[in-house]
Amino acid sequence: MLEGDKLLKYLKIILAQAMKSPSDLPELISRTKHFISITKKGEKLRIKKEEQLKIPIPFLCVFSVTWNCNLDCKGCYAMNYSFKEQLPLEKISDTIEECQKLGIYFFIIAGGEPLLIKGIIEKITSFKESFFVFYTNGTLLEPHIKTLKQAKNILPVISVEGKDHYIDLRRGEGVSKKVKKAMYLLKKNHIPFAFSTMITNMNIKYVTSREWLDRQWDQGARFGFFTDYIPFEKNLNRSFILTDQDRIYRERALSLRKKEAKPPIFHLPADEYDGPCQAAGKGMIHINADGYVEPCPYSHFAADNIKDKPIKDILRSEFFSELRKSIKSWDNSKKRMHAVLP
């Protein structure tokens with residue numbers, strides 16, 4: 001995963017592009033300064049705790065806080081889980097506080113739809129020493145605009161996957177209109193946000209095009225995340241599965257889009273390949289909505305639960321320790337593939 005110093009480099013790119021949209025600058029600069037401050041303090045504490053506890057402490061925690069969702073999207077990876085008892089807001093809050101004390105200062109909040117947890121935006125706003133990338137489908141965002149405008153430690157990420165008819169096909173009739181309204185309100189209130197797009201066999205050529213990214217920029221998104229469709233047994237959609245030719249095309253297309261940097265984009269999990277695997281606490285952990293702590297969001301295996309053990313004990317557990325030893329021998333190099341775009 002991207003380390004703190006790499007994230008700061010990306011912020012410089014984002015600000016350089018934002019100069020083309022002066023109305024965005026005050027909020028972007030304010031949030032950038034806040035993020036830099038959090039990163040400096042967090043890294044200092046994280047390194048100190050690593051030395052004290054003699055265990056790796058990640059800088060990033062991906063926290064899937066709920067399985068519940070107001071939509072029923074085709075191909076949703078969360079449907080791969082067997083839903084059990086979910087975490088109350090109090091436990092989510094306690095866990096974030098516990099992570100923060102260890103020097104884990106960067107969180108990705110996901111679901112399900114996190115906004116179904118009453119009070120979650122207000123709660124994470126109170127954690128001033130951490131920064132939150134907040135994934136949402138956007139349909140429930142409107143009542144939270146005022147809070148998001150005031151918060152400096154939350155970056156909304158709106159899920160969107162192409163042309164309106166494709167969004168409605170995957171997420172449900174009329175969802176595209178609600179998504180556009182959410183993006184409009186964020187832009188109108190000068191709230192920096194990102195988009196998140198799942199790349200599938202059906203949308204790959206459009207969402208990796210210059211036309212698509214121009215559309216996102218015009219709607220106010222100042223950077224974006226791309227994730228590949230990863231097929232799981234439950235909720236499997238074969239029409240979404242990327243072919244070998246799709247992967248070659250995607251590699252070349254996203255390489256061009258990254259050079260253009262309007263907006264700057266991240267491709268996950270591929271961007272992790274620039275260095276060694278960061279799973280199992282080396283750089284990140286994933287806490288799912290049942291409380292189990294997994295090596296990363298793409299590896300649905302766990303031995304411990306935050307209901308039973310503190311995070312520091314889970315990081316030093318035999319499961320994570322053995323994984324970290326194994327990771328050292330794994331080839332994580334990125335194979336460069338090239339294709340001529342039409």
Side-chain angles (χ1 to χ4, degrees), residues 1-7 35 37-66 81 84-110 114 117 120 123-134 153 269 272 275-330:
M1 202 67 186
L2 291 170
E3 298 172 353
D5 59 340
K6 292 182 181 179
L7 285 169
F35 180 78
S37 174
I38 286 172
T39 301
K40 289 180 177 179
K41 291 179 181 178
E43 278 296 289
K44 185 176 180 180
L45 177 59
R46 187 182 67 83
I47 292 170
K48 179 181 178 180
K49 288 296 183 179
E50 278 191 334
E51 294 173 349
Q52 288 179 349
L53 299 173
K54 308 300 181 185
I55 54 172
I57 294 178
F59 84 97
L60 170 65
C61 174
V62 183
F63 204 160
S64 297
V65 293
T66 182
Y81 288 91
K84 299 176 182 177
E85 183 180 354
Q86 296 194 94
L87 301 171
L89 180 58
E90 182 180 359
K91 184 59 179 177
I92 294 170
S93 176
D94 289 345
T95 301
I96 292 173
E97 184 176 1
E98 182 184 355
C99 287
Q100 191 172 264
K101 289 178 179 179
L102 288 172
I104 304 172
Y105 57 89
F106 191 35
F107 294 84
I108 294 178
I109 303 296
I117 300 177
I120 191 166
K123 177 58 68 175
I124 65 176
T125 299
S126 67
F127 288 100
K128 305 299 184 183
E129 301 302 315
S130 294
F131 194 87
F132 299 86
V133 173
F134 194 94
N153 64 337
E272 184 185 331
C277 178
Q278 298 295 298
K282 285 173 64 64
M284 68 179 301
I285 53 173
H286 176 228
I287 304 174
N288 71 33
D290 292 324
Y292 286 100
V293 183
E294 301 172 340
C296 82
Y298 302 101
S299 178
H300 297 179
F301 301 94
D304 296 300
N305 195 298
I306 58 174
K307 300 171 188 174
D308 307 316
K309 282 186 179 181
I311 296 294
K312 64 180 180 180
D313 288 347
I314 295 174
L315 289 170
R316 63 161 59 98
S317 68
E318 182 180 1
F319 176 57
F320 270 24
S321 296
E322 289 301 316
L323 266 180
R324 288 193 292 267
K325 290 177 184 177
S326 300
I327 285 171
K328 294 178 181 179
S329 63
W330 294 345

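Just so it is clear, the structure is predicted and the values come from calculations on it, not from any experiment.
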Classify the angle between the aromatic ring planes of F107 and F132 as parallel (below 30°), tilted (30 to 60°) or perpendicular (above 60°).
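Rings of F107 and F132: parallel, as their planes differ by under 30°.
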Side-chain heavy atoms of L315 within contact of L53, under 4.5 Å
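Counting from C-beta outward, L315 and L53 never come under 4.5 Å.
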Can you find a heavy atom in the side chain of P58 that is under 4.5 Å from one in the side chain of Q278?
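The answer is no; the side chains never approach within 4.5 Å.
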Quick one: do F59 and Y105 satisfy side chain to side chain contact (heavy atoms under 4.5 Å, CB included)? Show the steps, please.
CA-CA 6 Å; F59 84 97; Y105 57 89; 3.6 Å; yes
Check the pair I285 / F320 against side chain to side chain contact (heavy atoms under 4.5 Å, CB included), numbers first and verdict last.
CA-CA 10 Å; I285 53 173; F320 270 24; 3.7 Å; yes
For the residue pair [X] and [Y], what are the closest heavy atoms and their distance?
X    : Y    : value
P114 : F134 : CB-CZ, 3.4 Å
G281 : P56  : O-CB, 3.7 Å
D304 : S317 : OD2-CB, 3.5 Å
P295 : L323 : CG-CD1, 3.4 Å
H286 : C296 : CB-C, 3.6 Å

Does [X] use its side chain to pair, donor to acceptor, with the backbone of [Y] at less than 3.5 Å?
X    : Y    : answer
N288 : E294 : no
N305 : K307 : yes
N153 : I124 : yes

Could you measure the distance from the [atom1] atom of [X] to the [atom2] atom of [Y]? Nearest 0.5 Å is fine.
X    : Y    : atom1 : atom2 : value
K101 : K49  : NZ    : NZ    : 9.5 Å
K309 : R316 : NZ    : CZ    : 10.0 Å
Q100 : L45  : CD    : CG    : 9.0 Å
L102 : I55  : CG    : CD1   : 7.0 Å
I109 : I96  : CD1   : CD1   : 5.0 Å
I38  : F106 : CD1   : CZ    : 10.0 Å

K44 atom NZ: more than 12 heavy-atom contacts under 6.0 Å:
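Incorrect, the count does not exceed 12.
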Can you sort out the partners of L89 under side chain to side chain contact (heavy atoms under 4.5 Å, CB included), two or more places apart, ordered by chain and number?
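L89 satisfies side chain to side chain contact (heavy atoms under 4.5 Å, CB included) with I117, I120, K123 only.
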Result of checking V65, V62, I311 against I287 for side-chain contact (heavy atoms from CB on, under 4.5 Å):
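It is I311; the other options fail the test.
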Which of these, Q52, R46, K312, sits in a side-chain contact (heavy atoms from CB on, under 4.5 Å) with I57?
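Exactly one option meets the side-chain contact (heavy atoms from CB on, under 4.5 Å) with I57, and it is R46.
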Does K48 come within less than 4.0 Å of E51, counting only side-chain N to carboxylate O?
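Judged by the 4.0 Å cut-off on N to carboxylate O distance, K48 and E51 do not form a salt bridge.
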